[in-house]
Amino acid sequence: MENYYNPEDLKKFGKIGEFQKELADKFFDYYGAVFAEGALTAREKSLIALAVAHAVQCPYCIDAYTTDTLEKGCSETEMMEAVHVSAAIRGGASLVHGVQMMNKAKELSM
């Protein structure tokens with residue numbers, strides 16, 4: 001079955017500089033610096049990336065960081081907990097925006 005998302009395209013990510021090498025190089029330098037060991041371990045950063053990948057719903061990122069977290073020794077339980085954190089934050093964000101709806105409804109009802 002064909003779909004828009006092609007898992008094979010993830011392997012081509014390094015070639016995004018084909019049309020603008022200078023900007024791609026800057027991005028990859030930044031990306032590498034972000035994921036370098038720092039106050040957070042590479043393992044912690046990978047779990048955060050996995051959670052964010054689910055929040056932004058990027059299938060390429062989900063594939064990449066599922067692999068990366070497993071390679072960094074994360075358990076499936078830890079990975080799923082990170083996904084649940086993402087779901088809770090995303091759900092909370094939707095609900096807190098309900099306050100905006102309530103404010104507008106009250107304004108229009110006056």
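From a predicted model like this one, the values you see are computed outputs, not experimental measurements.
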Are [X] and [Y] side-chain neighbours, meaning at least one heavy-atom pair lies under 4.5 Å?
| X | Y | result |
| --- | --- | --- |
| Asp63 | Pro7 | yes |
| Tyr65 | Leu47 | no |
| His84 | Glu81 | no |

Taking atom CD as the centre, does Glu76 end up with more than 12 heavy-atom neighbours from other residues, nucleotides or ligands that are less than 6.0 angstrom away? no
Ile89, CD1: over 12 other non-hydrogen atoms inside 6.0 angstrom: no
If we check side-chain hydrogen bond (donor to acceptor under 3.5 Å, both in side chains) with Ser46, which of these qualifies: Thr67, Thr41, Thr69, Asp68? Asp68
[X] [atom1] to [Y] [atom2] distance, which is reported to the nearest 0.5 Å:
| X | Y | atom1 | atom2 | answer |
| --- | --- | --- | --- | --- |
| Ser86 | Met80 | OG | CE | 11.0 Å |
| Leu40 | Ile48 | CG | CD1 | 5.0 Å |
| Lys21 | Lys26 | NZ | NZ | 12.0 Å |
| Glu78 | Arg43 | CD | CZ | 4.0 Å |

Between Lys11 and Glu8, does a salt bridge (charged side-chain N to carboxylate O under 4.0 Å, His left out) hold up when you go through it step by step? CA-CA 6 Å; Lys11 296 174 186 172; Glu8 291 299 309; 2.9 Å; yes
Please check if [X] and [Y] belong to a single hydrophobic cluster, counting links between Ile, Leu, Val, Met, Phe, Trp and Tyr side chain heavy atoms closer than 4.5 Å.
| X | Y | value |
| --- | --- | --- |
| Phe35 | Leu50 | yes |
| Tyr31 | Val56 | no |
| Tyr30 | Phe28 | yes |

Between Tyr60 and the options Tyr4, Phe13, Tyr5, the ring pair (Phe, Tyr, Trp, His ring centres under 6.0 Å) test singles out Tyr5
Sub-3.5 Å donor-acceptor pair from the side chain of Lys45 to the main-chain atoms of Val34, do we have one? yes
Enumerate, atom names and distances included, each donor-acceptor pair closer than 3.5 Å involving a side-chain atom of residues 102-110, sequence neighbours excluded.
{"unit_1": "Asn103", "atom_1": "ND2", "unit_2": "Val99", "atom_2": "O", "d": "3.4"}
{"unit_1": "Lys104", "atom_1": "NZ", "unit_2": "Glu107", "atom_2": "OE2", "d": "3.3"}
{"unit_1": "Ser109", "atom_1": "OG", "unit_2": "Ala105", "atom_2": "O", "d": "2.7"}

Measure across Gly17 and Ala24 and return the closest heavy-atom pair with its distance rounded to 0.1 Å. CA-CB, 3.3 Å
